[in-house]
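Computed from a prediction, not measured in an experiment: that's the story for all the values here.
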Amino acid sequence: AGPATPITAGSRHIHVPNTSPDGTLVAFQSFGPQEDIFVIRSDGTNELQLTNDSFRDRMPKWSPDGRSIAFYSNRGGAFDIWMIDAGGSNLRQITNDSAADVRAIWSPDGKRIAGYRFNEEGFILNLSSSPPQQTPLAPFDDADAVFDVSDWSPDGNWLAGEKFSKSSGMIQGLFIYSIQTGKYQLLTESGYTPIWLKDSRRLLFENDGKMYLVDRLERKPR
């Protein structure tokens, strides 16, 4: 609780900050003519630029062990999932799809990544296999609807994300997806980017400039 404290300064447009598992570092993306990945200490010191080129490097996500950052980028031609060590070394490509892979959400054990192909389907990527093996998520009954995954529950059992229409691009509600059953459950009729709390039951999400909390069992946002 209390006032927000800025940890970055200047005229850059800072986008999608993501805190390291131990809370000491924040990864973020610059947004604009050049989109790069940065890391900064949570007290605003020791900023480190991990990428610096003309490619679109987007939505950094820390691995559960805090050693790597996954993001998606067009540096291989199409948008794919990439990974880089937290210190800026060992940049490597994880997927190589003809469609644009535009999410990289870690499982709690760090062995899998949930992704989403733009206007197509979500998938789970097994990092233990070589090359990483993809398993598609179950589709919605509505063929025009797709699931844009945004977070993986700490207990490993659920994905949370947005259902939206391929034809209109409109969000049709926030849903959770059971890893075990392949079934979807509606959370709310509107909102953006649900994020799990540590109890794997409550989620935070944004709607109309406000922050909401919803219980996945009660499904009554406040």
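- Using a 4.5 Å heavy-atom threshold, the side chains of Phe71 and Ile84 count as touching.
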Assess whether side chain to side chain contact (heavy atoms under 4.5 Å, CB included) is satisfied between Leu50 and Val39, documenting all intermediate values. CA-CA 7 Å; Leu50 301 190; Val39 170; 3.7 Å; yes

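- Between Tyr212 and Phe205, the ring planes lie parallel to each other; the angle is under 30°, not in the 30° to 60° tilted range.
- In terms of modelled atom types and a separation under 3.5 Å, the side chain of Arg92 and the main chain of Asn90 share a donor-acceptor contact.
- For Ser30 (side chain) and Asp36 (main-chain N/O), a donor-acceptor pair under 3.5 Å exists by modelled atom type.
- Of the inter-residue distances, the one linking Ser73 atom OG with Ile94 atom CD1 reads 12.0 Å to the nearest 0.5 angstrom.
- Looking at Glu35 and Asp53, their side chains never come closer than 4.5 Å, going by heavy atoms from C-beta outward.
- Put simply, the side chain of Thr188 gets close to the backbone of Ser190: a donor and an acceptor are under 3.5 Å apart.
- Atom CD1 of Ile81 sits about 12.5 Å away from atom NZ of Lys61, to the nearest 0.5 Å.
- There is no side-chain donor-acceptor pair under 3.5 Å between Thr95 and Asp97.
- Between Ala86 and Trp62, the shortest heavy-atom contact is CB-CZ3, 3.6 Å.
- The closest donor-acceptor contact from the side chain of Ser153 to the backbone of Asn157 lies under 3.5 Å.
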Evaluate Glu162 against Phe175 for side chain to side chain contact (heavy atoms under 4.5 Å, CB included), listing each step before the verdict. CA-CA 6 Å; Glu162 304 158 0; Phe175 281 74; over 6 Å; no

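- Checked by atom type, the side-chain pair Asn52/Gln34 shows a donor-acceptor distance below 3.5 Å.
- Leu197 is not connected to Leu174 by any chain of hydrophobic side-chain contacts under 4.5 Å among Ile, Leu, Val, Met, Phe, Trp and Tyr, and they are in different clusters.
- Distance alone, capped at 3.5 Å, places no donor-acceptor pair between the Gln172 side chain and the Lys163 backbone.
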Tabulate below the donor-acceptor pairs under 3.5 Å that side-chain atoms of residues 137-150 make, not counting sequence neighbours, or state none.
{"residue": "Asp142", "atom": "OD1", "partner": "Asp144", "partner atom": "N", "Å": "3.0"}
{"residue": "Asp144", "atom": "OD1", "partner": "Ser167", "partner atom": "N", "Å": "3.1"}
{"residue": "Asp144", "atom": "OD1", "partner": "Ser167", "partner atom": "OG", "Å": "3.3"}
{"residue": "Asp144", "atom": "OD2", "partner": "Ser165", "partner atom": "OG", "Å": "2.5"}
{"residue": "Asp144", "atom": "OD2", "partner": "Ser167", "partner atom": "OG", "Å": "3.0"}
{"residue": "Asp148", "atom": "OD1", "partner": "Arg103", "partner atom": "NE", "Å": "3.0"}
{"residue": "Asp148", "atom": "OD2", "partner": "Arg103", "partner atom": "NH2", "Å": "2.9"}
{"residue": "Ser150", "atom": "OG", "partner": "Ala160", "partner atom": "O", "Å": "3.2"}
{"residue": "Ser150", "atom": "OG", "partner": "Pro194", "partner atom": "O", "Å": "2.9"}

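- When hydrophobic clusters are built by joining Ile, Leu, Val, Met, Phe, Trp and Tyr residues whose side-chain heavy atoms come closer than 4.5 Å, directly or via intermediates, Met59 is not grouped with Ile195.
- Within the 4.5 Å cutoff, the side chain of Ile179 has heavy atoms near those of the Leu159 side chain.
- Summarising the geometry of Trp106 relative to Ala70, their closest heavy-atom pair is NE1-CB, 3.6 Å, with the distance given to 0.1 Å.
- Looking at heavy atoms from C-beta onward, Lys111 lies out of side-chain contact with Leu127 at the 4.5 angstrom threshold.
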side-chain hydrogen bond (donor to acceptor under 3.5 Å, both in side chains) between Ser20 and Asp22: does it pass, once the steps are laid out? CA-CA 6 Å; Ser20 64; Asp22 65 4; 2.8 Å; yes

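- Asp208 CG: 12 or fewer foreign heavy atoms inside a 6.0 Å radius.
- Between Pro60 and Ile69, the shortest heavy-atom distance links the atoms CB-CG2, 3.6 Å.
- Taking the side chain as every heavy atom from C-beta outward, Val26 and Ile7 approach each other to under 4.5 Å.
- A distance-only check finds no donor-acceptor pair linking the side chain of Ser42 to the backbone of Leu25 [under 3.5 Å].
- Considering all non-hydrogen atoms of both residues, Arg41 and Asn46 come closest at CD-ND2, 3.5 Å.
- Screening residues 2-18 for side chain to side chain donor-acceptor pair (under 3.5 Å) gives Arg12-Glu47 as the qualifying pairs, with residues at least two apart or on separate chains.
- Atom CZ in Arg216 sits 6.0 Å away from atom CD1 in Ile176 (nearest 0.5 Å).
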Can you list the steps and then say if Trp196 with Trp158 is a side chain to side chain contact (heavy atoms under 4.5 Å, CB included)? CA-CA 9 Å; Trp196 290 97; Trp158 304 89; 3.3 Å; yes

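- When atom types are taken as modelled, the side chain of Asn207 and the backbone of Lys210 share no donor-acceptor pair closer than 3.5 angstrom.
- Although no hydrogens or angles enter the test, the distance criterion places a donor-acceptor pair under 3.5 Å between the side chain of Arg219 and the main chain of Leu186.
- When side chains are defined from C-beta on, Ile105 does not count as touching Ile113, because their heavy atoms never get closer than 4.5 Å.
- Annotation: side chain of Trp82 is not in contact with side chain of Asp101 (no heavy-atom distance under 4.5 Å).
- Side-chain contact between Arg67 and Asp85 is absent, with no heavy atoms from C-beta onward closer than 4.5 Å.
- Interatomic distance, Asn126 CG to Gln133 CD, rounded to the nearest 0.5 Å: 6.5 Å.
- Electrostatic pairing of Asp215 and Arg201 counts as a salt bridge here, judged by a charged N lying under 4.0 Å from a carboxylate O.
- When all heavy atoms are compared, the tightest approach of Phe79 to Asn74 is CD2-N, 3.5 Å.
- There is no path of hydrophobic side-chain contacts, each under 4.5 Å, that joins Phe164 to Met170.
- Rounded to the nearest 0.5 Å, atoms OG1 (Thr51) and CG (Asp57) are 4.0 Å apart.
- Residue Phe118 is grouped with residue Ile171 when hydrophobic side chains (ILVMFWY) are merged at heavy-atom distances under 4.5 angstrom, including chains of intermediate members.
- Placement of Ile14 and Phe38 within a single hydrophobic cluster is found when ILVMFWY residues are connected by side-chain heavy-atom separations under 4.5 Å, directly or transitively.
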Take Val214 and Lys220, measure what side chain to side chain contact (heavy atoms under 4.5 Å, CB included) needs, and give me the verdict at the end. CA-CA 6 Å; Val214 62; Lys220 297 178 180 179; 6.0 Å; no

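- One finds the NZ atom of Lys183 at 10.0 Å from the OG atom of Ser178 (value rounded to the nearest 0.5 Å).
- Of all the heavy atoms in Ala99 and Glu120, the pair that sits closest is CB-OE2, 3.5 Å.
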